[in-house]
Amino acid sequence: MQNNFVEELRWRGMLHDMTPGTEEQLQKELTVGYVGFDPTADSLHIGNLVPVMLLTHFQRCGHKPLVLVGGATGRVGDPSGKTKERQLLDEQTIEKNLKAQQIQLSRFLNFSEGSNKAEIVNNYDWFKELNFLDFIRDVGKHISINYMMAKDSVKNRLETGMSFTEFSYQLIQGYDFFHLLKHKNCKLQMGGSDQWGNITTGTELIRRMGGGNSFALTAPLIKKADGSKFGKSEGGNIWLDPKKTSPYQFYQFWINVSDEDVINFMPIFSLKTRSEIESLIAHHKEAPHLRTLQKALAEEMTIRVHGEHDLEQAIKASNILFGKSGEEELRELNEATLLEVFESVPSYNVNYAALSDGIVELLATHTNILPSKSEARKMLKANAISINKNKVTDGIELTSDNLIHNAYLIVQKGKKNYFLVNVKK
RNA sequence: GGGGGGAUACUCAAGCGGCCAACGAGGACAGACUGUAAAUCUGUUGGUUUUACCUUCGCAGGUUCGAAUCCUGCUCCCCCCA
């Protein structure tokens with residue numbers, strides 16, 4: 001093979017566990033491997049990105065990745081890591097989510113050419129044909145309840161209770177693996193370390209059903225240095241869909257990754273070579289305040305997910321929003337540029353007459369910049385509100401002099417939260 | 001079925017007739033510092049017509065000048081006995 005995939009994962013810090021013989025198998029021949037995705041939302045978020053990168057590296061090492069979308073399993077719900085019974089999704093929602101996620105995945109994997117081009121499979125395609133009696137007779141027969149109960153995902157739920165549906169999940173997932181081995185010669189299943197139990201049910205099932213050897217490999221679940229969950233920001237999830245998370249916000253997420261975390265994240269998400277990454281890390285450690293690593297990571301990710309043009313916009317917006325620029329620089333921008341820069345910032349339309357109601361009304365009534373007038377007064381008192389880059393106090397009067405290009409107010413809450421108010425005359 | 005305990009703001013958790021919009025901790029937001037960091041320090045954390053008023057302490061009633069606090073019924077949770 002071109003590259004040793006396992007070795008690649010090792011230095012990138014993406015290897016948690018694997019079954020014996022996995023590395024040998026991967027070195028021996030072009031191997032087909034898969035990762036399953038849950039169609040729980042109509043977009044992937046960056047929490048899904050680790051398994052995506054697993055497949056990306058897998059393909060770059062010369063192997064053939066399969067993306068399994070859980071059209072069937074999404075109808076059941078994986079109990080792993082869940083404390084409560086999951087809400088079931090209806091068919092139409094799942095179909096819609098699948099389509100949207102497929103498009104996003106194509107930015108990471110090559111689906112079009114080569115002997116190892118990626119493929120998408122949907123487990124609903126084989127489960128819809130399979131009836132319950134056949135399943136419990138042909139598949140259920142091979143795995144004991146004792147074996148299934150020993151899994152952490154089940155053990156952890158014995159106290160609080162779980163439905164038979166969720167209990168069956170590992171068998172269903174296991175059968176996916178068996179099916180893919182039989183029809184696609186897929187010998188490896190990968191996933192996050194929380195999937196270890198489900199994956200090994202698959203290899204066990206395959207062994208008992210006479211399918212021969214199959215392999216499992218998991219990546220560690222990434223956590224931030226402070227222990228909090230990766231992939232969330234104040235606003236919630238960071239999505240790949242630009243309608244849910246604008247390219248600017250996406251870029252900002254990576255720029256804001258902490259010094260400690262970025263050292264771990266870089267090798268996981270970047271496709272740069274080992275030596276490139278190591279020299280970037282060395283530079284980062286010497287001069288962390290320059291944030292070379294964060295910038296490199298943010299650029300690479302934004303290009304891959306959104307493209308060159310969106311990256312340029314994001315950088316431009318970031319420079320204006322966080323550079324040393326003040327009101328003067330804002331006013332120097334022509335209207336088109338101004339709108340471009342603030343494109344991904346929440347914006348509001350307000351009538352000119354509303355300005356005379358005062359700043360508190362503007363913040364809390366005419367716009368939703370702040371949830372209530374009390375909140376607005378508090379923020380003003382705390383010196384947290386800026387208009388056109390200048391801090392303002394409660395009594396300030398707003399006139400047409402404040403408007404940029406005779407139409408816009410740039411409002412800031414704190415340092416990082418920008419709002420564009422479009423004032424209509 | 002019998003007995004006991006509990007339900008308070010985003011979370012945990014005090015309060016047990018007026019001084020309670022409710023101690024404290026965490027979280028979150030903001031200010032200073034800084035690198036759009038981290039750590040640290042400070043402030044805020046129901047609403048409004050903001051020195052006052054209004055709505056909140058599981059739900060519905062009641063007692064009282066006055067209740068998160070007392071009484072009655074209901075719902076849900078935990079423990080013990082059967």
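For clarity, every value in this text was computed on a predicted model and none was experimentally measured. Below, read A as the first sequence line, B as the second, and so on, with proteins coming before strands; counting in each chain starts at 1. The figures here come from the full heavy-atom set of this structure, side chains too, leaving out hydrogens, waters and symmetry mates.
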**Report entry** Phosphate OP1/OP2 of B/U36: any A/R291 side-chain N/O under 4.0 Å
**Finding:** yes
Could you pull out the protein-nucleic contacts involving nucleotides 30-34 of chain B (nitrogen or oxygen on both sides, under 3.5 Å)?
{"unit_1": "B/A30", "atom_1": "OP1", "unit_2": "A/N417", "atom_2": "ND2", "d": "2.8"}
{"unit_1": "B/G31", "atom_1": "OP1", "unit_2": "A/K391", "atom_2": "NZ", "d": "3.4"}
{"unit_1": "B/U34", "atom_1": "O4", "unit_2": "A/K415", "atom_2": "NZ", "d": "2.4"}

Query raised in the report: Separation of A/N256 atom CG from B/A37 atom C1', in whole Å?
Result: 8 Å
Query raised in the report: Can we say A/E119 and A/K64 salt-bridge, meaning some charged N sits less than 4.0 Å from an Asp/Glu carboxylate O?
Result: yes
Query raised in the report: Where along residues 243-252 of chain A does a heavy atom come under 4.0 Å from RNA chain B, residue by residue in number order?
Result: A/Q252
Query raised in the report: Do any pairs count as a salt bridge (Lys or Arg N to Asp or Glu O under 4.0 Å) and have a residue in residues 269-284 of chain A, sequence neighbours left out, and if so which ones?
Result: A/K272-A/E300, A/R274-A/E278
Report task. Taking atom C1' in both B/C79 and B/A60, compute the distance separating them and give it to the nearest angstrom. Result -> 27 Å
**Report entry** With A/Y248 via ring-ring contact (aromatic ring centres under 6.0 Å, His included) - residues at least two apart
**Finding:** none
Query raised in the report: Expressed as a whole number of Å, how far does the C1' atom of B/C10 sit from that of B/U45?
Result: 10 Å
Requested in this report: Output yes when A/R12 and A/E8 qualify as a salt bridge under the 4.0 Å nitrogen-oxygen rule, no when they do not.
Outcome: yes
Query raised in the report: Expressed in whole Å, how much space separates the P atoms belonging to B/C76 and B/G62?
Result: 24 Å
Query raised in the report: Separation of A/D259 atom CG from B/U36 atom P, in whole Å?
Result: 12 Å
Query - Integer-rounded Å distance: B/U44 P and A/K381 NZ - result: 10 Å
Query raised in the report: Just how far, in rounded Å, is P of B/A37 from CD of A/E286?
Result: 23 Å
**Report entry** Side-chain touch A/R107/A/L240, heavy atoms, less than 4.5 angstrom
**Finding:** no
Query raised in the report: Using the C1' atom in both, what is the distance from B/C12 to B/G66, to the nearest Å?
Result: 31 Å
Report summary line: Those stems involving RNA chain B that have three or more consecutive Watson-Crick or G-U pairs, both distances under 3.5 Å, are B:1-7 with B:75-81, B:10-12 with B:24-26, B:27-32 with B:40-45, B:46-48 with B:52-54, B:58-62 with B:70-74
Query raised in the report: Distance between the C1' atoms of B/C57 and B/A7, in whole angstroms?
Result: 10 Å
Report summary line: In short, salt bridge (Lys or Arg N to Asp or Glu O under 4.0 Å) pairs touching residues 398-410 of chain A with sequence neighbours left out are none
Query raised in the report: So, A/R331 and A/E328, do they make that salt bridge, N to O below 4.0 Å?
Result: no
Query raised in the report: Between residues 355-374 of chain A and RNA chain B, which residues have a heavy-atom gap below 4.0 Å?
Result: A/S372, A/K373, A/S374
Query raised in the report: Would you find more than 12 non-hydrogen atoms of other residues, nucleotides or ligands less than 6.0 Å from A/K425 atom NZ?
Result: yes
Query raised in the report: Looking at the rings of A/F269 and A/W254, which for Trp means the six-membered one, are their centres under 6.0 Å apart?
Result: yes
Query - Rounded distance (nearest 0.5 Å) linking atom CG of A/N264 with atom CD1 of A/I222 - result: 8.5 Å
Report summary line: Ranking A/E260 and A/L290 by the position along RNA chain B of their nearest nucleotide, the one closer to 5' is A/L290
Report summary line: For residues 369-379 of chain A, the salt bridge (Lys or Arg N to Asp or Glu O under 4.0 Å) pairs (sequence neighbours left out) are A/E361-A/K373
**Report entry** Separation of the C1' atoms in B/C59 and B/G6, to the nearest angstrom
**Finding:** 16 Å
With the criterion being N/O to N/O and under 3.5 Å, what pairs connect the protein with nucleotides 53-55 of chain B, and how long is each?
none

Query raised in the report: Are the ring centres of A/F419 and A/F342 closer than 6.0 Å?
Result: no
Which atom pairs, one a donor and one an acceptor, fall under 3.5 Å between side chains of residues 311-319 of chain A and the rest of the protein, sequence neighbours left out?
{"unit_1": "A/Q313", "atom_1": "NE2", "unit_2": "A/E340", "atom_2": "OE1", "d": "3.4"}
{"unit_1": "A/S318", "atom_1": "OG", "unit_2": "A/Q252", "atom_2": "NE2", "d": "2.8"}
{"unit_1": "A/S318", "atom_1": "OG", "unit_2": "A/A314", "atom_2": "O", "d": "2.8"}

Heteroatom pairs (N/O) under 3.5 angstrom, protein to nucleotides 20-23 of chain B:
none

Query raised in the report: In whole angstrom, what separates A/L293's CG from B/G35's P?
Result: 18 Å
Query raised in the report: What pairs with A/Y408 under side chain to side chain donor-acceptor pair (under 3.5 Å), at least two apart in sequence or on another chain?
Result: A/E335
Requested in this report: To the nearest Å, give me how far apart CG (A/L380) and P (B/C29) are.
Outcome: 19 Å
Report task. Verify the ring-centre separation between A/F250 and A/H306: is it less than 6.0 angstrom? Result -> yes
Requested in this report: Indicate the atoms forming the closest heavy-atom contact of A/N116 with A/G62, along with that distance.
Outcome: ND2-C, 3.5 Å
Query raised in the report: Nearest-Å distance, CG (A/N319) to P (B/G35)?
Result: 16 Å
**Report entry** A/F37 and its side-chain contact (heavy atoms from CB on, under 4.5 Å) partner, picked from A/L98, A/L68, A/V52
**Finding:** A/V52
Query raised in the report: A/I263 CD1 to B/A37 P: how many Å, rounded?
Result: 18 Å
Requested in this report: With P as the reference atom in both, quote the distance from B/G43 to B/U36 in angstrom, rounded to an integer.
Outcome: 26 Å
Query - B/A9 and B/A28, which share atom name C1', separated by this distance in whole Å - result: 14 Å
Report task. Could you tell me whether A/D42 and A/K244 have a side-chain N and a carboxylate O separated by less than 4.0 Å? Result -> yes
Query raised in the report: Do other residues, nucleotides or ligands put more than 12 heavy atoms under 6.0 Å from the NZ atom of A/K391?
Result: yes
**Report entry** A/K128/A/D125 salt bridge by N-O under 4.0 Å criterion
**Finding:** yes
